[in-house]
**Q** 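Below is one structure. I have some questions about it.
Reminder, nothing fancy here: chain letters follow the sequence lines and each chain counts from 1.
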There are 2 protein chains.
Amino acid sequence: MSDARASRLAVSTVIFALRTDDDGLATLWTPLVRRTRDPHLGQWALPGGWLPSDEELEAAAARTLRSTTGLAPKYLEQLYTFGGVDRSPGDRVISVVYWALVQSDEAERAAVGENVQWFAADDLPALAFDHNAIIGYALWRLRTKMEYARIAHAFLGETFTLAQLREVYEAVLQKPLDPANFRRTIESTGTVAATGERLAGTPHRPPMLYRYDVATNLTDGTFTTRIPPGKPDPIKPHPRMRT
Amino acid sequence: MSDARASRLAVSTVIFALRTDDDGLATLWTPLVRRTRDPHLGQWALPGGWLPSDEELEAAAARTLRSTTGLAPKYLEQLYTFGGVDRSPGDRVISVVYWALVQSDEAERAAVGENVQWFAADDLPALAFDHNAIIGYALWRLRTKMEYARIAHAFLGETFTLAQLREVYEAVLQKPLDPANFRRTIESTGTVAATGERLAGTPHRPPMLYRYDVATNLTDGTFTTRIPPGKPDPIKPHPRMRT
DNA sequence: TCAAAAGTGTTATATGTACACCCATGG
DNA sequence: CCATGGGTGTACATATAACACTTTTGA
């Protein structure tokens, strides 16, 4: 029976963190794992694996993230399901792909080794399977969503200055933002709250520290069902930011 | 070995068309099929089925749509993959769900029968599995995307008046739109082109007929990769429309 | 006391909204 | 010749962008 071909289900995760390079510019980085088996053996690929039948999709993505980087995701969302008939030799593979944001200072200390390495997300080598295209799509999604959703704080720690938050936007959107307008835009959304503390040790006027304010982060009630079952909505649109 | 549970892959499609009810208001309708097997036998459910290992995901969604309604989709996009461990008894089922728009006047003549029936999308009975939640999410997606993407013409035929196009927006967004501002907004996007023909037979001034202008429908080039591999981008954002 | 980032104020422009008004046709 | 939807003009409100300016700190 040569026409019997099995379909297998995999879960992979595109992980993003920010890393500040030598000249002080923050850019997007992503961890990849080296393939230790035959399709594309030795090439770099997205972290992931076969889906156990008793594990939730999102849990599998979070586990994958943890086992390759040692980190917990600060943001995790399903990206797309890739199922092209010829995307892998042998059995057909359908990959449910998630994308994740991790806290960047934690990512600096994250696991690396012979089989796990971080790459600049905008300048990747040739990867296994269709993974270059998948990461390209995840990048597009991150950049698009950053313009209307409140996800930037996922790259930062518990408290942060507005300059640090702006740096996240600038790194992801790849354009400078006016500090004055940025401040007003963010403050008007009510997503951040001043802690009362200031960040000391800067060479200049010490900036206020803010905290992501989850209390104000409610849905606007326009539609009842807006998010896939089982997934709370941590996101509220805010006005565009330009220049 | 009682802990061996298989995972199976299914593809389902949420199909939308507009139907004008007795008092002349257009509303969203969706076709459902009656279950003829045991999990939830006799209940209404989304059209779909198991994924053949040699068929593309999108092709399976289009085939499903065709076999239940006899129609071809004018718009088809992946919605989400639902894989909750307990969403179905027996083997675990992972469903890759698509959503589709079909031409509404064709849908009026579409197949119906003992096992296929159209329902008002906002007023559904209790469906099999998690299908109420899935359709609710698809509705949210349709309404959200209608505000920034050019998909409304998928409900209409080759040519249409601006009043017909506006009726689509009003039905989906559930709010009246100012005819004057709607006209300018649509014209400024360049997505429609006047055919030169006018629609005769109305009791009043005959309106111009327009055609969806695919030529101007290019991506804006901000990012290179914006859409999953194999899927061209028929969509360009346009300004919001209110009131 | 000075450089530089934090933070505030003000104005110009673009975009969205409301609505008055003219046009063209079938009845 | 009139009721009605098609189609145009215009003024007002709000959102966004640009940038001058004041404040506060460490060096």
**Q** Reading DNA chain C from 5' onward, which residue's closest nucleotide shows up sooner: P203(A) or E187(A)?
**A**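 The answer here is P203(A).
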
**Q** Counting heavy atoms from C-beta on, name the nucleotide in dG6(D), dT24(D), dT25(C) closest to the side chain of P206(B).
**A**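 Minimum distance to the P206(B) side chain belongs to dT25(C).
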
**Q** Is there side-chain contact between Q78(B) and T81(A), with at least one heavy-atom pair below 4.5 Å?
**A**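 They are in side-chain contact.
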
**Q** Whole angstrom is fine here: how far is it from CG in L199(A) over to C1' in dA5(C)?
**A**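 Going from CG in L199(A) over to C1' in dA5(C) covers 12 Å.
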
**Q** What integer distance in Å separates L165(B):CG from dG6(D):C1'?
**A**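 Checked: the CG to C1' distance equals 15 Å.
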
**Q** Select base, sugar-phosphate, or nothing to describe what A163(B) touches, counting heavy atoms under 4.0 Å on all strands.
**A**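 Sugar-phosphate, backbone atoms only, no base.
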
**Q** Counting heavy atoms from C-beta on, name the nucleotide in dA24(C), dA18(C), dT8(C) closest to the side chain of A180(A).
**A**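 Ranking dA24(C), dA18(C), dT8(C) by closest atom to the A180(A) side chain puts dT8(C) first.
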
**Q** Any idea which of dG6(D), dA18(D), dG7(C) is nearest the R205(A) side chain?
**A**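 Among dG6(D), dA18(D), dG7(C), the one nearest the side chain of R205(A) is dG7(C).
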
**Q** When rounded to the nearest 0.5 angstrom, what distance separates CD in E167(B) from CG in L25(B)?
**A**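 The distance works out to 8.5 Å.
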
**Q** What's the closest nucleotide to the side chain of H204(B) if the choices are dG7(D), dT4(D), dC19(D)?
**A**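 Nucleotide nearest to H204(B)'s side chain: dT4(D).
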
**Q** When you get a sec, tell me which of dT8(D), dA17(D), dA6(C) is the closest nucleotide to the side chain of R183(A)?
**A**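 Nearest to the side chain of R183(A) among the choices is dA6(C).
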
**Q** I need the CZ-P distance between F182(B) and dT15(C), as an integer number of Å.
**A**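 In whole Å, dT15(C) P lies 19 Å from F182(B) CZ.
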
**Q** Of W99(A), Y98(A), F155(A), F16(A), which is the lone residue that meets ring-ring contact (aromatic ring centres under 6.0 Å, His included) with Y75(A)?
**A**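 So the option named by the test is W99(A).
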
**Q** Give T161(B) one of three labels, base, sugar-phosphate or nothing, depending on what nucleic acid heavy atoms sit under 4.0 Å from its own.
**A**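 T161(B): no heavy atom of the nucleic acid under 4.0 Å.
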
**Q** Specify the residue among R184(A) and P207(A) whose closest nucleotide of DNA chain C lies further upstream toward the 5′ end.
**A**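 That would be P207(A).
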
**Q** Taking the six-membered ring for Trp, are F182(A) and Y169(A) parallel (under 30°), tilted (30 to 60°) or perpendicular (over 60°)?
**A**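 Correct class here is perpendicular.
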
**Q** Among the nucleotides dC19(D), dG6(D), dA18(C), which one has an atom lying closest to any side-chain atom of D178(A)?
**A**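 The answer is dC19(D).
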
**Q** Under 4.0 Å: is that the gap between some side-chain N or O of R198(A) and OP1 or OP2 of dT23(D)?
**A**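 For dT23(D), OP1/OP2 do not have a side-chain N/O of R198(A) under 4.0 Å.
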
